[in-house]
Amino acid sequence: QGQIVAIDNAIKAEADAKKKADEDAKRKAEEDAKNKSKGELEAKYKDAIGRGDGGVKKKDWDNARAAYIEALGYKPKYQYAQDQISKIDDAKQDEINAKKKADEDAKRKVDADAKAKADADAAAKKKAADDASAAKAKADADAKTAAAKIKADEDAKRKADEERGKSKRNIPAVLGGDDVQYKAAIV
C-alpha cells in the first residue's frame with residue numbers, strides 16, 4: 001500500500017507540473033497567435049497537431065499532450081486537439097489503473113503463495129507427527145505382544161517343568177514304592 005500511495009503522490013505531482021507546463025505552452029501559443037499572420041498560424045497549428053498525433057502513435061503521452069495544447073493556443077475553438085487531450089488523459093489514467101491493479105494482483109499472488117506454503121508446511125508437520133504417533137503405537141503394541149509371548153513361553157516352560165517334576169515324584173509311588181532300578185534309571 002505504501003507503494004501505491006507513493007505512485008499516487010508521484011502522479012499528482014506530475015499532473016501539477018504538466019498542468020503548469022500546459023498553461024505556459026497555451027499562453028505562449030496565444031501570444032504567438034496574436035503576433036503572426038493567419039498563414040503562419042495555420043502552419044504552426046498543423047505542425048503542433050502533427051507532433052501531437054506522432055506522440056499518440058508512440059504513446060509518448062506527455063509530448064503529445066503538450067503539442068495539442070500548443071495547437072489549441074493557435075486555434076482555441078478547434079475541437080480535435082481538445083478531444084485528443086481527453087483521449088490522452090484517459091489513456092494515461094488507464095495505464096495508472098492497470099499498474100495499480102497489476103501491483104495489487106502481484107501482492108495477492110505473493111500472499112496466496114505464502115499462505116499455500118505455510119499450509120503445506122503445517123500439513124507436512126501434522127503428517128509427520130501422525131506418522132510418528134502411529135509408529136510409536138505400533139512399536140508399543142509389538143512390544144506388548146512380544147512381552148506377552150515371552151511370558152506365555154515362560155509360563156508354558158514352568159508348567160511343563162512342574163508337570164515333569166510331579167510325574168517323577170508319582171512314578172515310584174505308582175510302581176509300589178522303592179524301586180531302586182527305576183530310581184537309578186530316571187536320575
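All residue numbers refer to positions in the sequence shown, counting from 1.
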Query raised in the report: Where do Ile85 and Leu72 land on the side chain to side chain contact (heavy atoms under 4.5 Å, CB included) test, with the steps shown first?
Result: CA-CA 10 Å; Ile85 290 170; Leu72 283 175; 3.7 Å; yes
Query - Worked verdict on Arg51 versus Glu70 for side chain to side chain contact (heavy atoms under 4.5 Å, CB included) - result: CA-CA 10 Å; Arg51 285 185 283 122; Glu70 182 183 334; 3.0 Å; yes
Query raised in the report: Should Glu95 and Lys99 be marked as a side chain to side chain contact (heavy atoms under 4.5 Å, CB included) after you check the CA-CA gap, both sets of side-chain angles, and the distance that decides it?
Result: CA-CA 6 Å; Glu95 286 180 354; Lys99 171 89 169 98; over 6 Å; no
Query - Step-by-step salt bridge (charged side-chain N to carboxylate O under 4.0 Å, His left out) determination, Asp142 to Lys138 - result: CA-CA 6 Å; Asp142 290 348; Lys138 183 178 182 325; 3.0 Å; yes
Query raised in the report: Can Lys100 and Asp103 be said to form a side chain to side chain contact (heavy atoms under 4.5 Å, CB included), step by step?
Result: CA-CA 5 Å; Lys100 279 184 186 178; Asp103 289 347; 5.7 Å; no
**Report entry** Intermediate values then yes/no, salt bridge (charged side-chain N to carboxylate O under 4.0 Å, His left out), Glu14 and Lys92
**Finding:** CA-CA 12 Å; Glu14 183 179 335; Lys92 286 179 73 174; 3.8 Å; yes
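Of the residues Asp113, Asp119, Asp111, the one that meets the side chain to side chain donor-acceptor pair (under 3.5 Å) test with Lys115 is Asp119. Just one of Lys151, Lys157, Lys149 meets the salt bridge (Lys or Arg N to Asp or Glu O under 4.0 Å) condition when paired with Asp153; it is Lys149.
For Tyr78, the OH atom is loosely surrounded, since the number of other residues' heavy atoms within 6.0 Å does not exceed 12.
A cation-pi arrangement is absent between Lys44 and Tyr74 under the rule of less than 6.0 angstrom and at most 45 degrees off the ring axis.
Side-chain contact between Ile49 and Gln84: absent, with no pair of heavy atoms (C-beta onward) separated by less than 4.5 Å.
Ion pairing between a basic and an acidic side chain is recognised when a charged N comes within 4.0 Å of a carboxylate O; Asp131 and Lys127 show such pairing. Comment: Asp105 engages Lys101 in a salt bridge, judged by a side-chain N to carboxylate O separation of less than 4.0 angstrom. Here Lys126 pairs with Asp130 in a salt bridge; the nearest charged N to carboxylate O distance falls below 4.0 Å. Under a 4.0 Å N-O distance rule, the pair Lys125/Asp121 does not qualify as a salt bridge.
Taking CG of Asn63 as the start and CD1 of Ile88 as the end, the distance is 10.0 Å to the nearest 0.5 Å. Rounded to the nearest 0.5 Å, atoms NZ (Lys19) and CD1 (Ile69) are 11.0 Å apart. The CH2 atom of Trp61 lies 13.0 Å from the CD atom of Gln93; values are rounded to the nearest 0.5 Å.
Between the side chains of Asn97 and Asp94, not a single donor N or O lies within less than 3.5 Å of an accepting N or O. Side-chain N/O atoms of Tyr80 and Asp53 include a donor and acceptor closer than 3.5 Å.
Closest non-hydrogen pair, Ala71 versus Tyr45, comes out as O-CD1, 3.4 Å.
Checked by atom type and distance alone, the side chain of Thr145 pairs as donor or acceptor with a backbone atom of Ala141 at under 3.5 Å.
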